[in-house]
Each structure stands twice: as structure tokens, then as C-alpha cells.
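The next block holds one structure in the form of C-alpha cells; read it before the comments.
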Amino acid sequence: MSKILVTTPIPAPGMDILAAAGEVEVLELDHDGLIERCASGDYGVVVSQLRDRFDAELLSTANLVGISNYAVGFDNIDIAAATERGITVANTPGVLTDSTADIAMLLILSTARRVVEADHFVRSGAFAGWEPELLLGSDVSGRVLGLAGFGRIARATARRALGFGMTVKFCPRPPSDREVTDEELGEFAGRIEHVSWEELVASSDFLSLHVPLSADTHHLVDERALWSMKNSAILINTARGPVVDEGELVAALRERVIAGAGLDVYENEPELAPGLAGLPNTVLLPHVGSATVSVRSEMARLCAENAAAMVRGTLPPHPVNSQAWNQAG
Ligand code: DGY
């Protein structure tokens, strides 16, 4: 049985599933260490985290069967380079949809109603009783939620927003577009409106991002997009940090080009763009979209099952690049 390298232990039942599949070594490594271990030939599969960067340099010398990423996203891995090397990559889809949509809705509500400012106000002892104009926020009901993307998490967010009486618009593949049939719209047919990226940006009171990070979506929200938004609009990002030009976002928030931002992800995680942390019109979370006990446990199960399958010589249940498996096998 070939060894499994785990870069950070994963929650139960993940480690037990891995241990039943092969010898497990847990090693916290920097990038150079990861390059060295992946090239050593000692391991069949690596169980990785979003922090682990499998770039073209690392993959060019990697001697692995597969990488099982503990995440649904896989932008930390150069998939083209992995495929070229015959390395199968697997992920954890489907189990974090609702928890991430909950965080998107939480950011919509908490930015609209200034929850962080209000909490600080009470804790600081400044609350001296009810006042007619204390910490006034904006309404959510009747406002337009614009969804960039129309995948699982965008739909789950739409479901929640409709429950809050919001008007929902979406652009399925910004910055361009694609056809969406009534069949694909399903429960949303006649209830949400398909618009262009330009219209979505200009008409949203809350613009919520639900796109994977790719060359097309890198800095999707740039200076131009920010200046096209309403001055009263709020940007929500639970997708990936580099979808937003964070330096331009700080400038737009400072100059009140837009009213606020609710962020769970950052362009250079865990660093924040200079000035972002000092802005009161933001709610900032530490990438916790999937952070519930049950979701992280389900992610661990899927991740370990992917790794175990590859160690045993079978295609993992959730491959990202199954062509790599076929070509290696
Ligand atoms: C993912 O899975 O891609 C999330 O960003 C973290 O759970």
C-alpha cells in the first residue's frame, strides 16, 4: 500500500478512513518542503488544504497518483499541470452548499443592519437607551440581490433571499453570459430574472459573488465594476478573494463609491489589503463558509474516501480531472 501524506489533520471520520486505506504521515510543510515530499516517490496520495499551493513548478517534479483536496474549490492546484503529469485531483462537492449560502445571507443581513458596529457599540458601554436614529441600516426586503453565477451555492442563496422578500437577479457566467433553460431554472422559473453582467452590477442593491476563480473571473469586480454599482450597494464575497480587486474595493469603500462589503474571502489570504480592516462599513469573516461541525465532517469523509479510492487503485468518487486517471491507468 502506498503512503498517504496529510498536510493538516482532517476532522472525524476522515483520519480513520485514511488509516484503514494505508499508512498515513501527517506533516506540516512549507512550499519547498511540499515540493520535496511530492517528488520523493514515498507517497501515492496527498490530502491537501487550500493553503497548499500545487503550482506548475511543484507538479513538474511530483511523483504522485493523486491529490485529494479538502475543499470543493481547487484553485490552489494547477489542474492543467496535474493532468499533464497524470495526477488525479479530487474535491468535496455538494456538502457545503447550504452552509456557504447561510454565510452569504448572514453577510447580507449583517452589512445591511450594521451588526458588527452595533455589537461594538453595546460592548463599549456606549448604549444609553433606545434612540430614534441609532445605527440605522438599510432594508433587505424589496431590495435587489444580484447573483454572479448560478451554481449550487448561488441557488441556495436565491432560495434564502426569496424567503426574505428580496428581488433576485442573476448572471450565470459573468462577465459573459450563457443560456439558462426553464428546466435548469426549475423552482426559480418566473421568480428570478436572468440579466447581463453589466445590468446585474448596475441594478443590484446587494451583489453576491458565486463564481469559481479562473482567468475569466480574476478581478471580475474591478475599478470599473465598482464604479458602475449604486452608491448604496453592498458587495458580498463568499467565493474566492481574487475575484475582487481588493485594493480597488478599499478605495471604493473609502470614497463611498459603494456603501459596504461583507467578505469571507480575501485576495491574498490570510493578508488583508491595506486599510480594509479599518473600514467600519465592512463585515469581515475568516473564510468560514463551510465551517459547521457536520459540514466539515462530511467534507472529511468525502476527502478521505477520494484518497482511499486512489490508494486502492480506483477512480475517486469526486474527481476533478478524471482524464488524468484514464491516461495514467
Ligand atoms: C471550499 O471548500 O472551497 C471552501 O472555500 C472551504 O470549505
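In each ligand, atom 1 is the first atom listed, and ligand 1 is the first ligand listed.
Residue contact check: M299 has heavy atoms under 4.0 Å from atoms 7 (O) of ligand 1. Close approach of ligand 1 to L96 (heavy-atom distance below 4.0 Å) involves ligand atoms 2 (O), 7 (O). Those atoms of ligand 1 with a heavy atom of S290 less than 4.0 angstrom away are 6 (C), 7 (O). Numbered from 1 in the order shown, with element, the atoms of ligand 1 that lie under 4.0 Å from a heavy atom of G73 read 1 (C), 2 (O), 3 (O).
Atom 3 (O) of ligand 1 has its closest protein heavy atom at R240 NH2, 2.7 Å. The protein heavy atom nearest to atom 2 (O) of ligand 1 is V72 N, 2.7 Å. Here the protein heavy atom with the shortest distance to atom 4 (C) of ligand 1 is H287 NE2, 3.7 Å.
Heavy-atom neighbours of R178 CZ from other residues, nucleotides or ligands within 6.0 Å: above the threshold of 12.
Defined by atom type and a distance below 3.5 Å, a donor-acceptor pair is present between the side-chain atoms of N321 and T83. Residues N69 and N76 bring a donor and an acceptor atom of their side chains to less than 3.5 Å of each other.
In this structure, D177 contributes its side chain and S196 its backbone to no donor-acceptor pair below 3.5 Å.
Contact check on D55 versus R53 returns a salt bridge, with a Lys/Arg side-chain nitrogen under 4.0 Å from an Asp/Glu carboxylate oxygen. Classification of R37 and E25 as a salt-bridged pair holds, one side-chain N sitting under 4.0 Å from a carboxylate O.
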